[in-house]
Amino acid sequence: MRHVVEWRVMAERRGGEKLAEFQKRLLDWFRANRRDLPWRRTRNPYRVWISEIMLQQTRTAAVLPYFRRFFRAFPSLKALARARGDAVLRAWAGLGYYSRARNLHRAARIIVREHGGRFPETLDDALALPGVGDYTARAVLSIAYGAPLAVLDGNVARVIARREAIEGDPRAPGCWKKLQDIADRWLATDAPGDWNQAVMELGATICTPRRPRCGACPVRDGCRALRLGLVDRLPERRVKPTTVRLRIAAAVLLDERGRTLLVRSSGPAKENAPERPDDLGSIFSRMWHFPALVVASGYSRSDLERHLRAEYGVDGARWQALGKLRHTVTFREITIEPWLALTDSLPRDGGRAVALDHVPRMAVSSASRKIAIAALAELGRDE
DNA sequence: AATTCGGGGCA
DNA sequence: TGCCCAGAATT
């Protein structure tokens, strides 16, 4: 028993030494090789915050010119808070994800109003700001204030998945949690900001998604993926079934009282039957939907007319094509071609007649909602 | 849990 | 073309 306890203590000490050595090697490498980026010149929380928002899903090279320009236009958090919304958006134009700019502006005003113009220092206060999620809050607080918080982003996830040979899709909720736990354990608490940046820098420049440069890696000792020959297979690619492209024609019938026809597809032949990609019922979430037909690219309106007559015994007069809609559901990418058709009467059975302007508020799939809104918009234009 | 939001680099 | 990226908000 005594031996077991001693062995455990020894193992933990060895683990601790290994961790400390790993941390030192990576930090030394980072401090010697860090890129000289404009947001690394001070620890000004405003500067760090702006850079982290801009860097969300965006490459460093793309951010550089925008950061300089943005910072010239809005040199301080208070200047940003005072600015007009359209001025902020102008400075953001071309960078993409424009809700980032809107949230940034809103958050600046909140910070001035509620935090005396200084980026908040606690995790909860930071997370309460619009546009600040788990990653950004931890990044700003650790880099600007030295808070002991480990970040987890795409780079860190990849480094951890390789070093610890973690299998599974990193973005799956369970796996992400496990990765965050490891990131927390790894954190060099005496230099959280440098540590976080070091791991991300490693992922961005050495431990890259494809063709990582393991020969140049400062911490290749202790990398399980490298030892097991799994570097090219980790992290696991996200399982994304090949998308099926599908074209659907849908009819928005309209009688004189402003009512339209909704129908419901019969379910699959049997429970747990493999789902066919062109199963209308599943496309519309097995809810009420407009009469629709899977069509080829060269179909004509008469195909849709024939379908309506055969299935529901209804004829349309005065057809009008509405704009094409795109709808994505899991592994399907659907182009919907909605048609508006005036009719004298709706069928008594085989479906239900409801007011068209009521459809968007009904329990229908988002595809049906989009179609109804497009039809209503078209009708509104005529008036 | 899945989708949306953008633009660019790279194989 | 498809994938990936210093993610967050919404439904």
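Chain naming here is simple, since letters A, B, ... match the order of the sequence lines and numbering starts at 1 in each.
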Enumerate the residues from residues 132-145 of chain A whose closest heavy atom to DNA chain C is under 4.0 Å, giving them by residue number; use none for an empty result. A:V132, A:G133, A:D134, A:Y135, A:T136
Rounded to whole angstrom, note down the C1' distance from B:dG6 over to C:dC4. 14 Å
d(CG, A:L89; C1', B:dG6) in whole Å: 14 Å
On the ring face of A:Y97, is A:R100 found with NZ or CZ under 6.0 Å from the centre and within 45° of the axis? no
Given atom CZ of A:R100 and atom C1' of C:dA6, what is their separation to the nearest angstrom? 10 Å
I need the A:L26 CG to A:E21 CD distance, nearest 0.5 Å. 12.5 Å
Measure CZ/A:R102 against C1'/C:dT10 and give the value in whole Å, please. 14 Å
Which whole-number value in Å describes the distance from A:E201 CD to C:dC5 P? 16 Å
If I pick the P atom on C:dA6 and the same atom on B:dA11, what distance separates them, to the nearest angstrom? 15 Å
When rounded to the nearest Å, what value does the distance between P atoms of B:dG8 and C:dA9 take? 24 Å
Quick check: on DNA chain C, is the nucleotide nearest A:W39 upstream (toward 5') of the one nearest A:L127, or the reverse? Name the residue that is more 5'. A:W39
Spacing of A:M54 atom CE relative to C:dA8 atom C1', expressed in whole Å: 17 Å
Euclidean distance, atom CH2 of residue A:W92 to atom C1' of B:dC5 [Å, nearest integer]: 13 Å
Atom-pair distance (CG on A:N103; C1' on C:dT10), nearest Å: 12 Å
Salt bridge or not between A:R41 and A:D36? Use side-chain N to carboxylate O under 4.0 Å. yes
Salt-bridge test for A:D255 and A:R257: reply yes if a basic N is under 4.0 Å from a carboxylate O, no otherwise. no
Could you tell me whether A:D181 and A:K178 make a salt bridge, using a distance below 4.0 angstrom between a side-chain N and a carboxylate O? no
Between A:R171 and B:dA1, is there a side-chain N or O to OP1/OP2 distance below 4.0 Å? no
Whether A:E256 and A:R259 form a salt bridge (side-chain N of Lys/Arg under 4.0 Å from carboxylate O of Asp/Glu) is what I want to check. no
What is the distance, rounded to the nearest whole Å, between atom CD1 of A:I160 and atom C1' of C:dA6? 14 Å
Short N/O separations, protein against nucleotides 7-11 of chain B, under 3.5 angstrom:
from, atom 1, to, atom 2, distance (Å)
B:dG8, N2, A:R59, NH2, 3.4

With heavy atoms under 4.0 Å as the rule, sort A:R106 into base, sugar-phosphate or nothing. nothing
Regarding A:R47 and A:S76, do their side chains bring together a donor and an acceptor under 3.5 Å, going by distance alone? no
What's A:L104 touching, base or sugar-phosphate or nothing? Going by heavy atoms closer than 4.0 Å. nothing
We want to know whether A:E52 and A:Y135 form a side-chain donor-acceptor pair, criterion being a heavy-atom distance below 3.5 angstrom. yes
Nucleotide nearest A:Q56 when distance is taken to its side chain, options C:dG7, C:dA6, C:dC4: C:dG7
I need the A:N103 CG to A:I53 CD1 distance, nearest 0.5 Å. 8.0 Å
Under the side-chain hydrogen bond (donor to acceptor under 3.5 Å, both in side chains) test, which residues partner A:D184, sequence neighbours left out? A:Q180
